[in-house]
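Written below as structure tokens is the structure these notes are about.
Position 1 is the first residue of the sequence; numbering continues from there. In listed order, ligands and their atoms are each counted from 1.
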Amino acid sequence: MAHQDDTAAIAELEEVFALQRAAFLKNQYPSIEERKSNVGKIPGMLIANRDAIRDALNKDFGNHPESTSDLVECLGVAGRAAYVLSQLDKWLATEYRDVDGQMYGESKAEVRYQPKGVVGNIVPWNFPFDLSVGPLCEMLAAGNRVVIKPSEFTPTTGALLAKMISDTFPRDLVAVVNGGLDLSRRFSQIKWNHLLYTGAPSVGKIVMGEAAKNLTPVTLELGGKCPCILTPGAVTPENVHTIIGTKLLKNGQMCISVDYILVPRADLDTFVNLTKNLFAEGAPLSGYTNSLDNTGIISSRHVERLVGLVTEAESAGVQSIALGGDPSPTDNIKRQLPLTLLIDPPRHLKAMTDEIFGPVLPILPYDSLDTSIDEINAGERPLGLYVFSPDVNAANAIINNTNSGGAAINCVALQGALPSLPFGGSGMSGMGRHHGVEGFREFTFLAPYSELANGVAEAAFQHATGVPGTV
Ligand code: NAD
């Protein structure tokens, strides 16, 4: 990617941060009505721009299925805003805490939900609306002001988002700044009251290092290799359909996609054949590679990386199976790739050491489930972990013996789709949470507040010193 001159973008960032900071200092505790009114603008903004969102995603990705644009990037986020609105009275209700009456009489202790202030959000390319406007729901509910920085890989959606936001919100409340890598670097150095970063763990470390210089609290939404384990009896047509169907969402460019599959050795061929059948059966998967259902890979550089994972494995003698039609190199406009299964690749290959984040799927046969669980536990904690099993107790036992950002049984990614559940990583897949009440609290300063009852100070003084008098 060519180096971009970010001088003007950095000046804009600094100016809008100062503007929001000044506005925040004048209104540090927005009322619930104000917060609801702000969040309430989000669904209408998204729905009014539904066609433009589809077009912009198509442009940035080369091809982007309409159903994914609608469901994930538009209606899903609108639903998240609606959920926040339905909960806000409850989330903001004053929470009274216990007070020792003997010591403090009728004194009050409560938790107040103060906004953090001005919050920054660094967004990756893979879900340009879901990961910008999605967290905005909880950030605004918490009473903050927000500056969003889209990815340099999504210039069209970045420009659309800037327009949507400036048409909907005053700049001193929500703003978008677009630019290149120099802007990204400067963004993490700003003295935010909170910084959300979503992207690769390697960059997450840099962002956290920069934020640490200001003691800015961070939420890091990172990635990792999400395993999917099938226990004996789980290799069924329905389960294979579910697993492959979610892998094809965004053609694998999703942080909670299945990264690799563990199947009982005796079921390996069945799993592969069921997958082949899915693609052979006819529409929509028979011509998948060149179809409108296949999301383009975000850039030629990312295509090269994914093709490199497959060629490295093939050179090492690994069997690869390309599915979905023509596996020949994609054109540079749509950048569409087939789904490629890699059968039992050795663990030192890049397909097994790096997060795949695309349509490549290693299938690993196992002899002992315990050994496979030990292998998962020996690696970095994944963002998501999936277990398919006819026995829910067995599935729960696996989940209880592993650690991941979130998990799901007999489905994939549902834990990330429900607005009521907290979402985030563990260890190298991230820290902190957005979505749901946990997201609201993540972007809120939980302020302890106490009010001393009349006469208590005097009584407490006498109690402590034994000396009658006033304080
Ligand atoms: P990306 O290249 O778009 O980078 C993400 C953001 O980081 C961009 O806005 C970019 O400008 C910024 N950035 C890059 N270098 C920077 C620097 N030195 N300082 C500050 N900011 C910088 O996206 P990516 O990193 O390729 O995203 C893919 C990764 O994101 C995968 O690991 C995926 O699993 C993860 N991801 C996680 C989640 C989640 O919610 N946990 C969601 C989506 C993606």
Is there a donor-acceptor contact under 3.5 Å linking the side chains of [X] and [Y]?
{"X": "T157", "Y": "D60", "value": "yes"}
{"X": "H64", "Y": "T295", "value": "no"}
{"X": "H434", "Y": "T219", "value": "no"}
{"X": "Y197", "Y": "E210", "value": "no"}
{"X": "T444", "Y": "K116", "value": "no"}

Closest non-hydrogen protein atom to [atom], residue and atom name please, with distance?
{"atom": "atom 20 (C) of ligand 1", "value": "S184 O, 3.3 Å"}
{"atom": "atom 18 (N) of ligand 1", "value": "R185 CG, 3.9 Å"}
{"atom": "atom 11 (O) of ligand 1", "value": "E152 OE1, 2.5 Å"}
{"atom": "atom 24 (P) of ligand 1", "value": "W125 NE1, 3.8 Å"}
{"atom": "atom 35 (C) of ligand 1", "value": "G199 O, 3.4 Å"}
{"atom": "atom 41 (N) of ligand 1", "value": "L222 O, 2.7 Å"}
{"atom": "atom 32 (O) of ligand 1", "value": "E355 OE1, 2.6 Å"}
{"atom": "atom 15 (N) of ligand 1", "value": "L181 CD2, 3.4 Å"}

So, [X] and [Y], do they make that salt bridge, N to O below 4.0 Å?
{"X": "E375", "Y": "R347", "answer": "yes"}
{"X": "E73", "Y": "K250", "answer": "yes"}
{"X": "R185", "Y": "D6", "answer": "no"}
{"X": "K163", "Y": "D167", "answer": "yes"}
{"X": "E138", "Y": "R441", "answer": "no"}
{"X": "K225", "Y": "E355", "answer": "no"}

Under 4.0 Å from a heavy atom of [X]: which atoms of ligand 1 are those, numbered in the order shown and with their elements?
{"X": "L383", "result": "41 (N)"}
{"X": "Y197", "result": "5 (C), 6 (C), 7 (O)"}
{"X": "F153", "result": "2 (O)"}
{"X": "I122", "result": "6 (C), 7 (O), 9 (O), 12 (C)"}
{"X": "N126", "result": "43 (C), 44 (C)"}
{"X": "L131", "result": "42 (C), 43 (C)"}
{"X": "A200", "result": "25 (O), 29 (C), 30 (O), 32 (O)"}
{"X": "V203", "result": "13 (N), 14 (C), 15 (N), 16 (C), 17 (C), 22 (C)"}

Classify the ring geometry of F423 against H435: parallel below 30°, tilted from 30° to 60°, perpendicular beyond 60°.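 F423 vs H435 ring planes: parallel.
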Answer yes or no for F127: is there a heavy-atom contact with ligand 1 below 4.0 Å?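 Heavy atoms of F127 never come under 4.0 Å of ligand 1.
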Heavy atom of F423, distance to ligand 1 below 4.0 Å: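 It does; at least one heavy atom falls under 4.0 Å.
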Any N or O on K149 sitting closer than 3.5 Å to an N or O of ligand 1?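 Right, the criterion is met.
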Between V207 and ligand 1, which residue portion shows a heavy-atom distance shorter than 4.0 Å: side chain, backbone, both, or neither?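 Just the side chain.
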Is it the case that K276 places NZ or CZ above or below the six-membered ring of F271, under 6.0 angstrom from the centre and within 45 degrees of the axis?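 Judged by the rule, K276 and F271 form no cation-pi pair.
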Look at atom 36 (N) of ligand 1 and find which of P124, G406, C255, G134 reaches it with the closest heavy atom.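 The nearest heavy atom belongs to C255.
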